[in-house]
There are 2 protein chains.
Amino acid sequence: MSEMTQTPSSLAPSEARPYHHGDLSRALVEAARRILETEGPAALSLRAVAREAGVSPAAPYHHFKDKGELLDAVAHEGWHALDAALTEARAKSVDSKERMTSLGVAYVCFARDNPALYRVMYDCSRDKDALPDQMKEEGAYCQVRNTIDERSGGTASPIDLELATIAAWCAGHGLAEMISFKQFAPLKEALGGEEAFLRGVFEHLGMFAKLDQA
Amino acid sequence: MSEMTQTPSSLAPSEARPYHHGDLSRALVEAARRILETEGPAALSLRAVAREAGVSPAAPYHHFKDKGELLDAVAHEGWHALDAALTEARAKSVDSKERMTSLGVAYVCFARDNPALYRVMYDCSRDKDALPDQMKEEGAYCQVRNTIDERSGGTASPIDLELATIAAWCAGHGLAEMISFKQFAPLKEALGGEEAFLRGVFEHLGMFAKLDQA
DNA sequence: CATCTATCTGAACGACGTCAAGATGAATCT
DNA sequence: AGATTCATCTTGACGTCGTTCAGATAGATG
């Protein structure tokens, strides 16, 4: 009960209201993201999403078990967008020593540029006490692990590799949640901009201090 | 308009309903913490707090501007409790090289043991885009900075000291938010317990990698 | 004592998440 | 084709929430 109802016969793939009254699952998720971007997470009610999609307050319940499941779908898209951002950052940085820092900066910038989406992503994760399953095998988390593995020349033990990945991930998440805290403003200015500040913080995190000893 | 109305004449310091109908500000915060611990953050409505304190749903508005201000008061208590936990941890660890890791472990354990309270603390901070002001001068943040400063022998530049503190704080917060994620369970088991896991992660964060070079 | 003022109650408003009953219309089956 | 089936959407309702306001209550003050 996920992706049936493809465009019925002869209609544009994803615009207008093609079906019965529309390809709602998708329209709802898009409406939710629109609300998130323009009005923030506080305004993201199920009724507002339905309103934005031009449908009655009860309509979403034919596509999502409850509000949480809609948010899960939004979060899912968010993780994909984060994957893409990290992939791009990884491709851009040629220096393998800098690559890790670049990944971190890209991660935090994603959160800074999509604060509401990032918040939904982590709120969903906390509700389930777990990161999305896909991440362990091919997602953003895996990109971080691979980058660390490359940097260490593939010599790190599986446990050390995992610990280092977790350490890096936690640092990135923590910084992502606090990047816009007012207290950091003077330091950002002193360092000549937010990116420099980010690099500064990440360079103090010796993700490889232990791996390099081996 | 904060702390007047101490116990009126002859009554136990904090039980029953001593005053007009009670020392509400305090009673409400206590009721809120009780609800947080027993039913979690989702159950923490203003009405539920009033109910728990035995007053009408409108009563809290004579002591707090709105729900957010009540939560601020709860968060304020939370930060004090965190301060205490860190102070204790800092006193216990004699080895200055281990002290930083001990602080980190204590921080995350506090979050693990008071998950709902910790969540309220950071939700409030995010709403204001700032950590509590007191922290910069004498709170938990300051303890972390001092510990780093001691460890580096007081030789770190102010900027490096600040960057290292932020890095450590972000890592601690990130780990605190994810410590109970299911994906980490196998690794915890492999390392022989949650504390060992925490130490493992923190030891991969070379908060001093850069400071030690100087 | 009367009065003042902080505190609390009761009732109400709009918004929320959710559900049950009914309407609607595309798809399927003779 | 027409009848039927079934997913989809609407209407209306329920209980809860945050918040406000007019009025009751009872310490504190004169």
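Note on naming: letters A, B, ... go to the chains in the order of the sequence lines (proteins, then strands), and numbering restarts at 1 for each one.
Y61(A) has its OH atom 21 Å from the P atom of dG22(C), to the nearest Å. Protein atom NZ of K67(A) is 12 Å distant from nucleotide atom C1' of dA15(C), rounded to whole Å. A straight line from CG of L70(B) to C1' of dG18(D) spans 12 Å, rounded to a whole angstrom. Distance R51(B) CZ to dG18(D) C1': 13 Å, rounded to the nearest Å. For the pair F64(A) CZ and dG17(C) P, the interatomic distance rounds to 14 Å; values are reported in whole Å. For the pair K65(A) NZ and dC19(C) C1', the interatomic distance rounds to 14 Å; values are reported in whole Å. In this structure, CD of E39(B) is placed 11 Å from P of dC17(D), rounded to the nearest angstrom.
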Report the C-alpha distance between R112(A) and E195(A) in whole Å, list the side-chain angles of each, state the deciding distance to 0.1 Å, and finish with yes or no for salt bridge (charged side-chain N to carboxylate O under 4.0 Å, His left out). CA-CA 11 Å; R112(A) 181 200 54 186; E195(A) 280 229 359; 5.6 Å; no
Dump the intermediate steps for side chain to side chain contact (heavy atoms under 4.5 Å, CB included) on K67(A) and R47(A), then the final yes or no. CA-CA 10 Å; K67(A) 184 186 179 183; R47(A) 294 178 104 107; over 6 Å; no
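Residues from residues 42-50 of chain B lying near DNA chain D, meaning a heavy-atom separation below 4.0 Å, are S45(B), L46(B), R47(B) in numerical order.
The side chain of H62(A) contributes no N or O atom lying less than 4.0 Å from OP1 or OP2 of dT10(D).
Counting non-hydrogen atoms of neighbouring residues, nucleotides and ligands closer than 6.0 angstrom, the CD atom of E69(A) exceeds 12 such neighbours.
Legend: residues meeting salt bridge (Lys or Arg N to Asp or Glu O under 4.0 Å) with K92(A), ordered by chain and number and at least two apart, are E88(A).
Within the 4.5 Å cutoff, the side chain of Y107(A) has no heavy atoms near those of the V144(A) side chain.
Sorted by first then second residue, the side chain to side chain donor-acceptor pair (under 3.5 Å) pairs that include residues 166-177 of chain B, not counting sequence neighbours, are R126(A)-E177(B), H173(A)-E177(B), E177(A)-H173(B), Y118(B)-H173(B), Y122(B)-W169(B).
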